[in-house]
Amino acid sequence: MLKENVVLKNNLFIKRLLIFLSVLGPSIITTMAGNDGAGVITYSYAGAALGYAVLISLPILTLLYAVTQEMGSRAAIVTGKGLGDIIREKFGARTAAFAFIALLIANFGTLLTDMAALKTAGNMLGIPALPFLIFTIALCFILVTFTQYEKSQKVFLTGIIIYFAYVFSAAKGNPQWGKAIEGLFVPTSNIFSKEFLIISIAVLGTTITPWGQFFVQSYMKDKNVPLKNLLYSQLEAFVGAFVSNFFTFFIIVATAATLFTHGIALDSGESAALAIRPFAGDFAGTLFAIGLLNAAIIGIIIVSLTSAYAFSEFFGFTGSLDEPLRKGKSFYGLFLFNIVLAGILVITPWFPLFKIVVYTQSLNGILLPLFFYFLLKIVNDKELMGEHVNGKLSNFFAIVSTVLIAIAGVAAVVLSLSY
Amino acid sequence: MAYISAFLNNQITDSTDSYVGRLQDILIKKDAEDFPPLEFLVIKTKEGAVRYIPYEAVSNFTNFNISLKNQFSKIALTLLPKAEADYIFLKHSVLDKQIVDIGGTRVVRVNDLRIGNLNNKVCVLGIDASFRGLLRRLGVPDGFFPSIFKAKLIDWREAQFIGSSQALQLSTAAENLSELHPADLANIVEDLGVKQGSSLLASLDAGDAAKVLEEVDPEIQTILVQSLGPDRAGKILSQMSSDEFADLIKTLSVPEARELLSKVGAARAQSVEKLAVYDDNSAGGLMTLDFVAVRPTWTVEQTIEEVKRLSRQMRSIVYVYVTDEQGKFVGGISMRRLLLAERGVVIKKLAKDFPPHSILKPDDELEKIIRVMTKYNLYSSAVLDTDHKLVGVVTIDDVMRTLAPSA
């Protein structure tokens, strides 16, 4: 008759673990994508400039990240809609148009950063730039267009394994693990120095992003997680934030142990892979470059995908990875347009890449508190969320997070404009 | 060209020419026929309170001027005469939401609403889901590059609202929906995503819903069934053909499957369970238990009556099969021969015994099935077990489905 697995029936833990593994995906991929090319560059720079001391920001960051990802996941599962959908339906076409265009521009800036990081990583590994870029762009397009959700999720999750390159790279630099752990929990004296604040804010800004908020919700919607598994997805948000910042820890330690300890200043995060070679060995440098390559590709795909999702949500088309090409022309088309344009601009020699990147980072900084305001209104809307509306405790955390992020955002804008 | 976006948030004056508030929303009756007339204006007063004005009290309703016949304080209502749930709030519940455009069989967003005069009443005529409508909402006047991006209207009657947490129910438009071919409706259900898709299914009558569900992508079928819950799913599944039901059951977890089977009645559950044993691409896995079988001694007349009786439940009837009292296969007769035969003739005389190689066994693989059906030009093929009993029928559409699974 119907197949039954007696062992399974008796082992509740394994059963629950299997359900957890089945819902795993959206949140953890989103948080990993927070360690995109732009992220790695920022973290490397932070580690080199401030050493283990900068690690103090990680625990709080993880908590903030988890809370915001959880809200996004919950909204997606309960309403079955993406953030773009809900903003349009709740706040109207005008607000949604503004949000959408702003998001598109901000995302494009991040995309440019990741594309530039890709080019840099290619350089570091000795691959010629133009063919490499073309190849990667083509690969990304094929992956997104011709696979369905499940397959794409598997590919992204596999990309996470490559982040272990940073663990090895860090270990090769002979770090003082004791000091590193201490750095996580014990604040040092220079915590309020201008440099510390600037860099901490940059770290925050590259971890918690507008696109991250949109992506987790859109991707979660695309996955079709049933409501009864909500708890597991909420758990995933916390696991995802932890896993992502786990790798961030090692990225920072990799440069802290080598560059900071020896007083070498980095002029830009991109040269980190080269700079650590004298101290950690060539192999560590290569691993670092591979890690950057992986991070850049993940960033390119996911940020562009965010824009494509937002486009379809705003206009009301279906935008789903499950769609074949002929049905999802506008969805895949926008994705392709984004990555090709970014690729072209990065290769163009006179394009003011650095300036644009700085300005769009600022845009991300301004938009973030705005989108969190929307998100908060949404998760507190009883009509939308039913019984899954925010409780007092969630609201407390959520509001505190939003305020902190808002302050950081404003500060980031002010500081970057005074560059 | 009157669109609702031109009126919303406009100032309203009453008979004393004083400004009383802004137009926040417009109400129509939920069960209105065809093109619903405007029933109430929802006004947000200067002080921030919400008041309702019946549309009869409106003297002027244009882009530039919305004014009332009487003094505001005399006609403004604090509460609606009927429950709030009896009305549809056009701005809150319709504008910017997604609807199913039945004519175009696609899912779109409501960018704007067209209103106009009909039988001396101002009614909602249609939905603008075009890019032009979106531009208009964003403040771009219609006169701007009128030739590019024309406004395309969707007839209000052709729009199907999607049930959500709001009060809009699907009751009235269900008739329109069932005019669509199940495969097209299945596409729409797939487009809508889980929550809205299952709402849509639940609003159809069980037989129609079953036909639609059969056409939905298997992975999404499972999710939809889970979202519907065992009671609603059970009603729909009991109308589904048993082979499709069996395929679905295989994808569910054991407790879920049990629960569903308990909702459909013992006989049905048993036949489904029997089918679920077989491999997906074998004759047993592809076959359906729905076929017409008659005794050899029956007449053509009796056979036709039987076909009529069972017709509703069957997806397609190509042959009528003849079995003895123990269910053993005797032969079959095509519908064509049946129609052409004289009413009084006994079936045994007409039924052809099929060549032995044209009959399938439950374990027969897909390749063999295709060969047999092609060689003998069969649209459906009988499946017999080791006792020579007729256990099921493999129909050509299921075989075709294995060749183009995502069509």
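Numbered from 1 within each chain, the chains take letters A, B, ... in sequence-line order. Values reported hereafter were calculated over all heavy atoms of this structure, with side chains retained and with hydrogens, waters and symmetry mates removed.
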Taking CZ in A:Phe146 as the centre, count heavy atoms belonging to other residues, nucleotides or ligands within less than 6.0 Å. Is the count above 12? yes
Per-residue contact mode, A:Phe314 against chain B (heavy atom under 4.5 angstrom): both
Salt bridge or not for B:Asp96 and A:Arg94, using N-O below 4.0 Å? no
Which portion of A:Ser320 sits near chain B, non-hydrogen atoms under 4.5 angstrom: neither
Is it the case that atom NZ in A:Lys223 sees more than 12 heavy atoms from other parts of the structure closer than 6.0 Å? yes
Closest contact, heavy atoms only, A:Glu89 versus B:Lys97: O-NZ, 3.0 Å
Please list, chain by chain and in numerical order, all residues satisfying side-chain hydrogen bond (donor to acceptor under 3.5 Å, both in side chains) with B:Lys44, sequence neighbours excluded. none
Give, as side chain, backbone, both or neither, the part of A:Lys221 having an atom under 4.5 angstrom from any heavy atom of chain B. neither
Shortest non-hydrogen contact from B:Glu256 to A:Lys228? OE2-NZ, 3.5 Å
Can you name the side-chain hydrogen bond (donor to acceptor under 3.5 Å, both in side chains) partners of B:Glu244, sequence neighbours left out? B:Arg315
Sort B:Leu134 into side chain, backbone, both or neither according to what part of it lies under 4.5 angstrom from a heavy atom of chain A. side chain
Mind running side-chain contact (heavy atoms from CB on, under 4.5 Å) on A:Asp85 and B:Arg109 for me, showing each step along the way? CA-CA 10 Å; A:Asp85 284 322; B:Arg109 266 205 199 285; 2.5 Å; yes
